[in-house]
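As structure tokens, the structure follows; a few thoughts come after it.
Sequence lines set the chain letters: A, B, ... in the order given, protein chains first and strands last, and positions in each chain run from 1.
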Amino acid sequence: MSLERFIKNHKNEFDDEKMPNLASLDFEARIKKELHYSNQPKRLRFLRSFSIAASILLLVTLGYVFNQNRVEDLKIRDNLVLALGENQTNSTRLEAIYEIEDRYDNQEEDEKILEAFFKILKGDSNSNSKIAVIDALLNFPDNPSVRNNIIEALANEKEPLVQLKLIKSVTLLREQRAKASLQQIIENNESLPLVKGNASASLAMLNQ
Amino acid sequence: MQVYLMYKDMLYNVSLRIIKNKHDAQDTVHDAFIKAFQNISKLEDDLNLGAWLKRIVINCSLDFLRKKKKLGWLQYSVEIQDNEEEADDFEDMTLKVEDVKKAIEGLKDKYRIIIVLYLIEDYTHKEIAEQLGLNESTVRNQYRRGKHLLKQQLKNKLVV
């Protein structure tokens, strides 16, 4: 018998390899996935691809707009912080404080703005500026550094109008840590009677 | 899955004979099944499902080799006149399928693929030429040379 004929006659015997079972299992999972996808009408697939592309574009655009707005906001914030600076006139500072109060109403506190406020509160600024800053700070009664700075200011402040504002503030905040400073104001001979009276009333309220 | 279970082993053997690597052959058979299922509407005669699947697997296997640049020999396949027809002098008892299979596997790709397609997969020389992009006469000569080498290998084995 010729070699050709031998091979042709026995060709079924050449098929002696078996596909491994593991490979069959892989295929079962793959076919479910692939055919499920390919059975969808072309139009549906196009719409699906289109909607994915449109969503991505929308997200990118929103991201860009958001980023632009954020950049713009930061620029405004930095300008306002600059307007609170020591070298600015009292009226510029006051204007900036009121602008900040309006702009950031019901928003989370901004660390950079708070730092500028604290600087005004502790510095030799005009009383009107300090009083406006205290009003602005009272918008964040839960912020620990706001509370700490108000208590600290009460201990160091010598200006009667600002002292009165600070006494009212610690009473409003029901800040027990302010008791020592209040006592100090009461005992200080240099304190105005009006200030002493307010400090006594506040201390009595805190002791209740 | 029934079609898969019915034909998977047959197609795996077809692909393995061409690709020679088990994992690649498994992947190729799976690719071929997916391709077939996606194009099932193009099957004109249901009775020829097996043959149709076999064609797809052969195409996929050759495509796989093309992608892996293992069919580079095609561009160097030139027509060499070799008209000597050798006499087949094997007797029934001397040949074993296992030996022939090993001898085919030992051939260079350029002979092995043509031998496999012609003798086992029942392709004509013309079909092989179309499939590989060669002249029919080149395929015939390549086949003849391959067969000659195959015989030599088998004879050497028998002598040893």
Side-chain angles (χ1 to χ4, degrees), chain A residues 1-70, chain B residues 1 3-5 7-17 22-23 25-27 29-40 85-101 103-105 115-116 118-122 143-144 146-148 150-155:
Chain A
M1 185 189 277
S2 74
L3 178 62
E4 277 180 352
R5 194 171 295 259
F6 176 83
I7 294 174
K8 281 184 182 272
N9 286 350
H10 294 83
K11 65 182 171 195
N12 287 339
E13 292 168 47
F14 281 79
D15 286 355
D16 57 350
E17 296 281 347
K18 296 265 180 212
M19 176 79 96
N21 283 335
L22 209 59
S24 302
L25 286 175
D26 281 350
F27 179 69
E28 200 173 341
R30 187 178 157 193
I31 199 154
K32 274 181 192 159
K33 195 176 154 197
E34 300 233 0
L35 290 185
H36 171 72
Y37 180 71
S38 65
N39 277 342
Q40 292 173 341
K42 273 188 180 174
R43 192 180 152 75
L44 197 65
R45 262 186 280 161
F46 169 76
L47 280 174
R48 195 172 148 173
S49 309
F50 181 78
S51 55
I52 290 171
S55 307
I56 291 170
L57 186 68
L58 187 66
L59 280 176
V60 170
T61 313
L62 283 177
Y64 178 77
V65 170
F66 177 77
N67 197 38
Q68 282 299 103
N69 286 345
R70 174 99 188 115
Chain B
M1 277 309 276
V3 175
Y4 172 77
L5 293 173
Y7 291 106
K8 68 182 170 77
D9 289 334
M10 184 265 276
L11 298 178
Y12 176 55
N13 279 284
V14 172
S15 184
L16 192 57
R17 275 193 286 274
K22 290 189 176 182
H23 286 293
Q26 285 164 23
D27 288 344
V29 169
H30 289 169
D31 288 343
F33 266 114
I34 300 282
K35 209 170 175 182
F37 291 157
Q38 283 170 341
N39 293 290
I40 199 82
E85 197 54 67
E86 289 178 79
D88 272 345
D89 47 4
F90 291 99
E91 290 174 18
D92 276 6
M93 296 303 288
T94 59
L95 283 175
K96 282 184 194 162
V97 170
E98 196 52 39
D99 293 337
V100 177
K101 204 178 158 187
I104 291 175
E105 279 174 13
I115 294 267
V116 162
Y118 184 75
L119 290 179
I120 304 177
E121 313 306 348
D122 287 331
Y143 168 70
R144 218 171 281 144
K147 196 171 68 173
H148 172 71
L150 188 60
K151 278 179 191 172
Q152 270 187 337
Q153 280 199 40
L154 288 167
K155 274 180 189 166

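- Every residue meeting the side chain to side chain contact (heavy atoms under 4.5 Å, CB included) condition with D31(B), not counting sequence neighbours, appears here in chain and number order: R30(A).
- Neither the backbone nor the side chain of E121(B) comes within contact range of chain A, judged by heavy atoms closer than 4.5 Å.
- Between Y12(B) and D15(A), the closest side-chain pair of non-hydrogen atoms is not below 4.5 Å.
- Between F27(A) and Y4(B), the two ring planes are parallel [angle under 30°; tilted spans 30° to 60°].
- Between the NZ atom in K11(A) and the CD1 atom in I120(B) there is a gap of 8.5 Å [rounded to 0.5 Å].
- Looking at D16(A), the atoms closer than 4.5 Å to chain B (heavy atoms on both sides) sit in the backbone and in the side chain alike.
- If you take CD on Q26(B) and OG on S24(A), they are separated by 8.5 Å, rounding to the nearest 0.5 Å.
- Figure legend: cation-pi geometry between K8(A) and Y118(B), with NZ or CZ positioned under 6.0 Å from the six-membered ring centre and within 45° of its axis.
- Within a 6.0 Å sphere centred on NZ of K22(B), heavy atoms belonging to other residues, nucleotides or ligands number 12 at most.
- E4(A) places none of its side-chain heavy atoms less than 4.5 Å from the side chain of L150(B).
- From L3(A), atom CG reaches atom NE2 of H148(B) across 12.5 Å, with rounding to the nearest 0.5 Å.
- Partners of K18(A) according to the side chain to side chain contact (heavy atoms under 4.5 Å, CB included) rule, which considers only residues two or more places apart in sequence or in another chain, are D9(B).
- Using a 4.5 Å cut-off between heavy atoms, L119(B) contacts chain A through both its backbone and its side chain.
- Between atom CE of residue M10(B) and atom CG of residue N12(A) there is a gap of 10.0 Å, rounded to the nearest 0.5 Å.
- At least one side-chain heavy atom of F14(A) sits less than 4.5 Å from a side-chain heavy atom of V100(B).
- When side chains are defined from C-beta on, H30(B) counts as touching M19(A), because their heavy atoms get closer than 4.5 Å.
- Contact of I104(B) with chain A is made through the side chain alone, with heavy-atom distances under 4.5 Å.
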